[in-house]
Amino acid sequence: MTYIKDRIAAGILLIVAVSVFVISGQLPFKSMIFPRMIVVVMGLCAVLMFLRTVSFSAGKAPAAASDPKLKEPFFRNGVNFLITFAALIVYTVAIGYLGYFVSTVILIIALSLALGFRDIKMLGASTVAFVALVYVVFILTFERPLPHGMFY
């Protein structure tokens, strides 16, 4: 069994990671650090994805062959995929009007509820924790403004 789709996906991800790494070199130093950290991790994951499809011992199946998730369909629930896709499109538009933080809180809560997550305490705590983490990392640490909107 060949893993051509995984190899192609890994190659594309690696090309994108290298391209973004090179292009980000044109940014000011403080602005290039975060994108470069992300694409280095992305590139490493692409290499690992490729290596899982390669057999290093003669006659032995690649590591990916024993992965039970390969036998599952890519979309377990098409409706949930469409809900998520639509929510992300609305989120992208809403950021311009409502700002990053308000849009993100609405997205996390609405999408979680739409997909069936019902633990309100955990949902509230994780939403606040995520937004606080993003605030600390981008606003306080990197001093990078996020989109402002009608409410913030």
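Excluded from the calculations below are hydrogen atoms, water molecules and symmetry mates; all remaining heavy atoms, backbone and side chain alike, are included.
- Criterion: ILVMFWY side-chain heavy atoms under 4.5 Å apart, direct or through other members. Under it, Val137 and Phe101 are part of a common hydrophobic cluster.
- Residue pairs meeting the salt bridge (charged side-chain N to carboxylate O under 4.0 Å, His left out) criterion with at least one partner in residues 131-145, sequence neighbours excluded, are Lys30-Glu143.
- Both Val105 and Met122 are assigned to one and the same hydrophobic cluster, defined by single-linkage of ILVMFWY side chains at heavy-atom distances under 4.5 Å.
- Between Tyr100 and Val134, the closest side-chain pair of non-hydrogen atoms falls below 4.5 Å.
- Listed by chain and residue number, Thr104, Ser112, Leu123, Thr127, Phe130 satisfy the side-chain contact (heavy atoms from CB on, under 4.5 Å) test with Ile108 (two or more places apart in sequence, or in another chain).
- Leu146 CG to Ile95 CD1: the interatomic distance, rounded to the nearest 0.5 Å, is 9.0 Å.
- Side-chain contact between Thr53 and Ile4: absent, with no pair of heavy atoms (C-beta onward) separated by less than 4.5 Å.
- Distance CG/Asp6 to CG/Leu51: 12.0 Å, rounded to 0.5 Å.
- Here Met150 contributes atom CE and Ser103 contributes atom OG; the two are 9.5 Å apart, rounded to the nearest 0.5 Å.
- Hydrophobic cluster membership is shared by Ile8 and Met42, with clusters built from Ile, Leu, Val, Met, Phe, Trp and Tyr side chains linked at under 4.5 angstrom.
- Hydrophobic clustering (side-chain heavy atoms under 4.5 Å, transitive across Ile, Leu, Val, Met, Phe, Trp, Tyr) groups Ile109 together with Tyr135.
- Using a distance-only test at 3.5 Å, with no hydrogens or angles considered, a donor-acceptor pair links the side chain of Arg36 to the main chain of Phe21.
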